[in-house]
Amino acid sequence: MEVLIFIYLSRLIGVLIFKFLRVELETTTERIAYSIVGGLGAMGAIGLFLAAFGIFNAPAIWLVFIVIALLASKIIAADIAIIKKIFADGIWLWLKKILTGATFLKIIIVVWLTANLLIAFVPLTGHDTLDYHLPIIQDLVSSGQLTFNQEISPYLYLPILGEIIYALPMAAFGEIGAPYVFQIIQFSILILFSAIIFAFTKRWTKTDFLPAAAVIALLAIMPLEREVLHGGYVDVLGFIFSISSLFLIIDNVFGNKFSRQQIILAALLAGFAASVKYTSLFFVGVESIILLWAWRKELIIYLLIAGAAMSPWYVKNTVVFGNPVYPMLQDQQFTEGVGMFMAIDRTLPNAFIFPFYKFGQWFTQNNESSSNLVILGYFIAVYGLIALMIISRRKLSPAEIILFLSAEIYLLVLFFTSHQTRFLLPALILLPPLLAMLADKMLKEKLQRWFYLAICAAAVILLLGNFHYFKVKNYYLLGIYNQMEYVKKIGGQ
């Protein structure tokens with residue numbers, strides 16, 4: 001219940017931002033998903049204000065919640081009216097409307113998300129979570145302010161908007177023990193990703209089942225699922241902010257429409273992303289280049305807003321350490337620590353085969369998961385479809401080119417810095433919608449039925465693979481393993 005309250009309040013503040021900025025999105029899916037994503041970022045900004053002034057406590061946070069509810073009273077009334085109408089018309093009618101079109105794939109998506117939600121409460125075991133993400137969250141809750149506790153060294157220099165977002169419901173509801181409320185908030189990011197990728201793919205494809213297929217392809221990225229279910233790894237917040245922002249920029253610049261308000265929203269999300277993770281600065285750069293090429297006047301607005309949203313962390317680091325992204329580019333031990341995750345020697349020729357080598361190691365390494373072969377298949381399919389389009393003299397759309405180059409250049413940057421899988425995830429998340437867009441151009445109408453059946457069969461296999469991948473977590477859920485046995489089996493990850 002606490003999670004639902006916090007997410008709904010995030011949606012309310014997101015809708016208020018939309019109204020203030022006069023942002024209009026085309027579909028209900030987009031309006032709900034983007035309002036929650038934007039609202040989570042806004043909640044983090046409010047939390048930063050409270051923590052900076054030493055009032056990060058339940059009374060102050062509840063005062064904020066009450067103010068949000070009062071300002072959004074008309075929105076709440078409208079939501080209640082919609083819920084009443086759904087019940088009056090019959091829930092089955094509402095469900096039928098949602099599930100119409102690619103029904104089987106949508107049912108698979110619901111089953112998949114529900115199954116993984118049930119294992120989102122497992123004990124935390126991730127090294128980084130236990131070493132500093134969770135301690136920072138707990139320090140915020142216990143102290144009620146930003147202490148930059150020296151005993152938690154990353155607290156001194158990392159942007160911590162993600163930790164603040166996770167700490168807010170803990171402080172508000174007094175939920176300070178495991179399982180933590182932020183574990184479900186983190187899982188909700190996967191649902192938001194599914195909604196945003198569905199809406200984005202639907203806009204850029206004509207084949208009715210491809211948006212659902214893109215979501216299945218997203219859910220089949222097991223490293224992403226693992227990250228989402230790895231409660232406390234705030235990276236996923238940076239991913240959702242970054243990619244949501246990029247999709248807005250693509251839709252506006254290349255989708256034959258222009259909305260300055262959506263550019264402003266994209267800038268806010270990009271700023272929130274960079275306030276979670278340094279690597280999100282890549283997307284700020286990509287979006288700036290797109291705007292520089294298309295609408296130079298909008299670039300200034302974008303940079304001012306994104307810069308303002310991320311400025312607290314980078315100004316602080318510049319003043320304290322003389323480096324806005326400290327310890328990157330400066331601390332040798334940090335650079336070596338990040339760079340120790342190496343799949344292949346960092347030479348320029350290897351950069352081009354990096355994704356194939358990285359996700360094809362199952363063939364050469366006994367301890368590699370076969371789930372990475374799915375990702376390998378995505379890369380092979382992307383390159384294969386692009387090659388076929390070139391041979392058949394079909395043009396890639398600017399949106400397809402941007403998605404492809406964003407993924408490839410991001411991987412190139414990470415190739416020379418760190419090969420750690422979770423750092424690579426933003427590039428992988430871009431592959432499902434790109435694959436759907438390429439397939440939409442190459443798929444002949446008479447083959448669509450057979451292709452849909454093939455995707456349905458693959459979806460079932462991938463869902464079963466998901467159960468196998470998270471076997472230890474499911475055994476814990478079923479009571480086959482107790483907590484001690486679970487921690488021993490799963491290990492630190």
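Any value given below was found using the heavy atoms of this structure, including those in side chains, with hydrogens, waters and symmetry copies removed. In this text the structure is predicted, and so the values were computed from the model without any measurement.
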Which residues pass the ring pair (Phe, Tyr, Trp, His ring centres under 6.0 Å) test with [X], not counting sequence neighbours?
X: F283; value: Y410
X: F121; value: none
X: F356; value: Y383

task = Could you list the residues that satisfy side chain to side chain donor-acceptor pair (under 3.5 Å) with S371, not counting sequence neighbours?
result = S369
message = For a side-chain contact (heavy atoms from CB on, under 4.5 Å) check, start with the C-alpha distance between V276 and F239, then their side-chain angles and the critical distance, and finish with the verdict.
response = CA-CA 9 Å; V276 174; F239 301 160; over 6 Å; no
Residues 424-441 side chain polar contacts: donor-acceptor under 3.5 Å, at least two apart:
unit_1: D440; atom_1: OD1; unit_2: K206; atom_2: N; d: 3.2
unit_1: D440; atom_1: OD1; unit_2: T207; atom_2: N; d: 3.0
unit_1: D440; atom_1: OD1; unit_2: T207; atom_2: OG1; d: 2.6
unit_1: D440; atom_1: OD2; unit_2: K206; atom_2: N; d: 3.1
unit_1: K441; atom_1: NZ; unit_2: K395; atom_2: O; d: 2.8
unit_1: K441; atom_1: NZ; unit_2: E400; atom_2: OE1; d: 3.1

inquiry  = So for atom CD, which belongs to E24, do other residues, nucleotides or ligands contribute more than 12 heavy atoms lying within a distance under 6.0 Å?
reply    = no
query = For atom CZ of F173, is the number of surrounding heavy atoms from other residues, nucleotides or ligands below 6.0 Å larger than 12?
reply = yes
message = Is it the case that the side chains of Q186 and Y166 hold a donor-acceptor pair, with the cut-off being a distance below 3.5 Å and no angle test?
response = yes
Please list all pairs passing the salt bridge (charged side-chain N to carboxylate O under 4.0 Å, His left out) test where one or both residues lie in [range], with sequence neighbours left out.
range: residues 369-386; result: none
range: residues 181-193; result: none
range: residues 170-186; result: none
range: residues 179-195; result: none

request  = Kindly determine whether Y476 and I119 satisfy side-chain contact (heavy atoms from CB on, under 4.5 Å), including the steps that lead there.
outcome  = CA-CA 8 Å; Y476 175 78; I119 56 175; over 6 Å; no
Side-chain donor/acceptor pairs under 3.5 Å, residues 448-469, sequence neighbours excluded:
unit_1: N466; atom_1: OD1; unit_2: W112; atom_2: NE1; d: 3.1
unit_1: N466; atom_1: OD1; unit_2: N116; atom_2: ND2; d: 3.1
unit_1: N466; atom_1: ND2; unit_2: N116; atom_2: OD1; d: 2.9

Interatomic spacing from CZ in F470 to CG in L229 - rounded to 0.5 Å =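 Here the rounded value is 5.0 Å.
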key: Gap separating the OG atom of S370 from the CE atom of M222, nearest 0.5 angstrom   =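 Between atom OG of S370 and atom CE of M222 there are 10.5 Å.
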Pairs of donor and acceptor atoms involving the side chains of residues 91-109, under 3.5 Å and at least two apart or interchain, shall be tabulated with distances.
unit_1: T100; atom_1: OG1; unit_2: K96; atom_2: O; d: 2.5
unit_1: T103; atom_1: OG1; unit_2: L99; atom_2: O; d: 2.7
unit_1: K106; atom_1: NZ; unit_2: I98; atom_2: O; d: 2.9
unit_1: K106; atom_1: NZ; unit_2: T100; atom_2: O; d: 2.9
unit_1: K106; atom_1: NZ; unit_2: G101; atom_2: O; d: 3.2

request  = Find out whether Y180 and L134 are in side-chain contact, i.e. whether some heavy atom of one side chain is under 4.5 Å from a heavy atom of the other.
outcome  =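 Contact flag for Y180/L134 side chains = yes.
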ask   = Are side-chain heavy atoms of F254 and S397 found at a separation under 4.5 Å?
value =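 F254 vs S397: side chains apart.
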query = Ignoring hydrogens and geometry, is there a side-chain-to-backbone donor-acceptor pair from Y357 to N350 under 3.5 Å?
reply =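 Side chain of Y357 to backbone of N350: no pair is present.
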task = List in chain and number order the residues that pass side-chain contact (heavy atoms from CB on, under 4.5 Å) with I7, two or more places apart in sequence or in another chain; answer none if no residue qualifies.
result = V3, I36, S188
Verdict with reasoning, F282 to K277, per side-chain contact (heavy atoms from CB on, under 4.5 Å) = CA-CA 10 Å; F282 172 84; K277 207 75 178 172; over 6 Å; no
